[in-house]
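Notes for the one structure printed next.
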Amino acid sequence: QQQPVESGGGTVQSGESLRLSCFASGNEFRIKTILWYRQRPGKQREWVATIDSRGEIIDYADFTEGRFTVSRDNMKNTAYLRMDSLKPDDTAVYYCNIGASPGAWGQGTQVTVSS
């Protein structure tokens, strides 16, 4: 199964923003729900946000506190996770998953937030 490719991570200071991207090739992206996860150092992987195939039904984990925005552009086979007001506790590897498929994980992109 084709793996998505995450990008857009980097090192930022507290309070700054990043926009992550998740790209997947193929013609089925447009009909798949996209899920974002993250794994903080020493922690279990945790769910961040979900966006359905139409971009109409969106859910966020409580810890995002209104700071994160998920979106998608089906014409580009790309989903996005914008993170504002980043905190050091947001430091993690961020992953996307296509259609809740066990085999549809990318390698992740590292986000580091310094104090």
Side-chain angles (χ1 to χ4, degrees):
Q1 187 171 356
Q2 183 68 40
Q3 291 180 302
V5 178
E6 301 94 342
S7 62
T11 300
V12 298
Q13 295 179 326
S14 295
E16 295 184 340
S17 299
L18 284 172
R19 189 180 75 162
L20 309 183
S21 297
C22 169
F23 171 81
S25 62
N27 294 323
E28 296 187 356
F29 178 90
R30 63 183 178 86
I31 64 172
K32 298 293 187 179
T33 291
I34 305 298
L35 304 98
W36 286 94
Y37 289 79
R38 72 182 187 184
Q39 188 165 17
R40 294 177 289 165
K43 304 290 184 66
Q44 296 289 324
R45 187 173 298 183
E46 60 188 336
W47 171 73
V48 175
T50 298
I51 182 168
D52 77 344
S53 62
R54 302 176 182 176
E56 297 176 349
I57 301 175
I58 297 172
D59 293 292
Y60 300 96
D62 287 343
F63 68 76
T64 63
E65 301 171 320
R67 301 175 296 122
F68 291 10
T69 303
V70 65
S71 61
R72 66 190 295 162
D73 185 343
N74 286 343
M75 297 301 296
K76 297 181 178 179
N77 275 21
T78 302
Y80 305 97
L81 180 67
R82 180 180 175 86
M83 304 181 292
D84 297 312
S85 301
L86 283 164
K87 306 174 180 179
D89 196 48
D90 294 318
T91 294
V93 179
Y94 285 75
Y95 302 88
C96 68
N97 173 266
I98 309 298
S101 174
W105 293 91
Q107 294 299 309
T109 185
Q110 176 71 50
V111 171
T112 302
V113 184
S114 62
S115 58

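Here the closest non-hydrogen pair linking N74 and S53 is ND2-O, 3.0 Å. Nearest approach of R45 to Y37, heavy atoms of both residues: CG-CB, 3.9 Å. In terms of heavy atoms, R72 sits closest to F29 at NH2-O, 2.8 Å. Summarising the geometry of R38 relative to D89, their closest heavy-atom pair is NH2-O, 4.1 Å, with the distance given to 0.1 Å. Nearest heavy-atom pair across P88 and S14 is CD-OG, 3.3 Å.
If you take NZ on K32 and CG on N97, they are separated by 10.5 Å, rounding to the nearest 0.5 Å.
No chain of hydrophobic side-chain contacts below 4.5 Å, direct or via other Ile, Leu, Val, Met, Phe, Trp or Tyr residues, connects I98 to I31. Residues Y94 and I58 fall within the same hydrophobic cluster, defined by Ile, Leu, Val, Met, Phe, Trp and Tyr side chains chained together at heavy-atom separations under 4.5 Å. Residues V70 and V111 share a single hydrophobic cluster, defined by chaining ILVMFWY side chains whose heavy atoms lie under 4.5 Å apart. Clustering ILVMFWY residues whenever any of their side-chain heavy atoms sit less than 4.5 angstrom apart, transitively, puts L20 in a cluster other than the one holding F23. When the side chains of ILVMFWY residues are joined at heavy-atom separations under 4.5 Å, either directly or via intervening members, Y80 and V48 end up in two distinct hydrophobic clusters.
Around the CD atom of Q110, the shell of radius 6.0 Å holds more than 12 heavy atoms that belong to other residues, nucleotides or ligands. Within a 6.0 Å sphere centred on CD of Q107, other residues, nucleotides and ligands contribute 12 heavy atoms or fewer.
With respect to I51, the side-chain contact (heavy atoms from CB on, under 4.5 Å) criterion is satisfied by exactly one of L81, L35, I57, I34: I34.
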task: Apply the test side-chain contact (heavy atoms from CB on, under 4.5 Å) to residues Y95 and T109: give CA-CA distance (whole Å), side-chain angles for both, the deciding distance (0.1 Å), then the verdict.
output: CA-CA 7 Å; Y95 302 88; T109 185; over 6 Å; no
- request: Under the side-chain contact (heavy atoms from CB on, under 4.5 Å) rule, what do R30 and R54 come out as? Steps first, then yes or no, please.
  value: CA-CA 8 Å; R30 63 183 178 86; R54 302 176 182 176; over 6 Å; no
- request: Check the pair T50, Y60 against side-chain contact (heavy atoms from CB on, under 4.5 Å), reporting the backbone distance first and the verdict last.
  value: CA-CA 7 Å; T50 298; Y60 300 96; over 6 Å; no
field: Audit row: T69, R19, side-chain contact (heavy atoms from CB on, under 4.5 Å) steps and yes/no
entry: CA-CA 9 Å; T69 303; R19 189 180 75 162; over 6 Å; no
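In this structure, the side chain of E6 does not engage the main chain of C22 through any donor-acceptor pair within 3.5 Å. Under the 3.5 Å distance criterion, the side-chain polar atoms of Q39 are matched with a main-chain donor or acceptor of K43. A donor-acceptor pair under 3.5 Å is formed between the side chain of T78 and the backbone N or O of K76. Side-chain atoms of D73 do not come within 3.5 Å of backbone N or O of N77 as any donor-acceptor pair.
W36 has its ring centre no less than 6.0 Å from the ring centre of F68.
For S17, the side chain to side chain donor-acceptor pair (under 3.5 Å) partners at least two apart in sequence or on another chain are D84.
Using a 4.0 Å cut-off between charged side-chain N and carboxylate O, D90 and R67 make a salt bridge. Electrostatic pairing of K87 and E16 does not count as a salt bridge here, judged by no charged N lying under 4.0 Å from a carboxylate O.
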